[in-house]
Amino acid sequence: MMMLVAYTVMTGLLIGLRYRVVVLPPLILLGWLAIAAVSSQPWLSALIFAILLQISYLTGIVLKGFTTASITQLADSISRPGTP
């Protein structure tokens, strides 16, 4: 179960940083199918997978927004020296 959590969080963060929300439903469906094929508790594992994937996806989007904002502020401060 811990491996599922770790891989789900890493996957969610990566797709949050890279892709738009359109990729979430197919990824959740694919994950549910894979979990149902290998898990002894498919419903619980699939539910945990779906919830954690969405939470970590949103976290990835927030991190991407903060990173973009700080890079933009840094570039603006470099291009206009003397302004705070």
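When reading the values below, keep in mind they use all heavy atoms of this one structure, side chains included, and skip hydrogens, waters and symmetry mates. These numbers were taken from a predicted model, which means no experiment stands behind them.
- Between Leu13 and Val9, the closest side-chain pair of non-hydrogen atoms falls below 4.5 Å.
- Inter-residue side-chain proximity for Gln54 and Ile28 is flagged as met; some heavy-atom pair is nearer than 4.5 Å.
- A donor-acceptor pair under 3.5 Å links the side-chain atoms of Tyr57 to the main chain of Tyr19, judged by distance alone.
- In this structure, Arg18 CZ and Ile61 CD1 are separated by 13.5 Å, a value rounded to the nearest 0.5 Å.
- Note that OG of Ser39 is 8.0 Å distant from CG of Leu4, once rounded to the nearest 0.5 Å.
- Atom-to-atom distance recorded for Leu27:CG and Thr11:OG1 is 7.0 Å, nearest 0.5 angstrom.
- In this structure, Val5 is a member of the same hydrophobic cluster as Trp43, with clusters built from ILVMFWY side-chain heavy atoms closer than 4.5 Å.
- By the rule that hydrophobic residues join a cluster once side-chain heavy atoms approach within less than 4.5 Å of another member, Val21 and Phe49 end up as members of one cluster.
- From Met3, atom CE reaches atom OG1 of Thr8 across 10.5 Å, with rounding to the nearest 0.5 Å.
- When every heavy atom of Ile35 is checked against every heavy atom of Ser45, the shortest pair comes out as CG2-CB, 3.5 Å.
- Nearest heavy atom pair, residue Lys64 against residue Leu17, reads CD-O, 3.2 Å.
- Atoms CG and CE, on Leu52 and Met10 in that order, are 13.0 Å from each other to the nearest 0.5 Å.
- Here the options are Ile15, Leu58, Ile48, the test is side-chain contact (heavy atoms from CB on, under 4.5 Å), and the partner is Leu53; only Ile15 passes.
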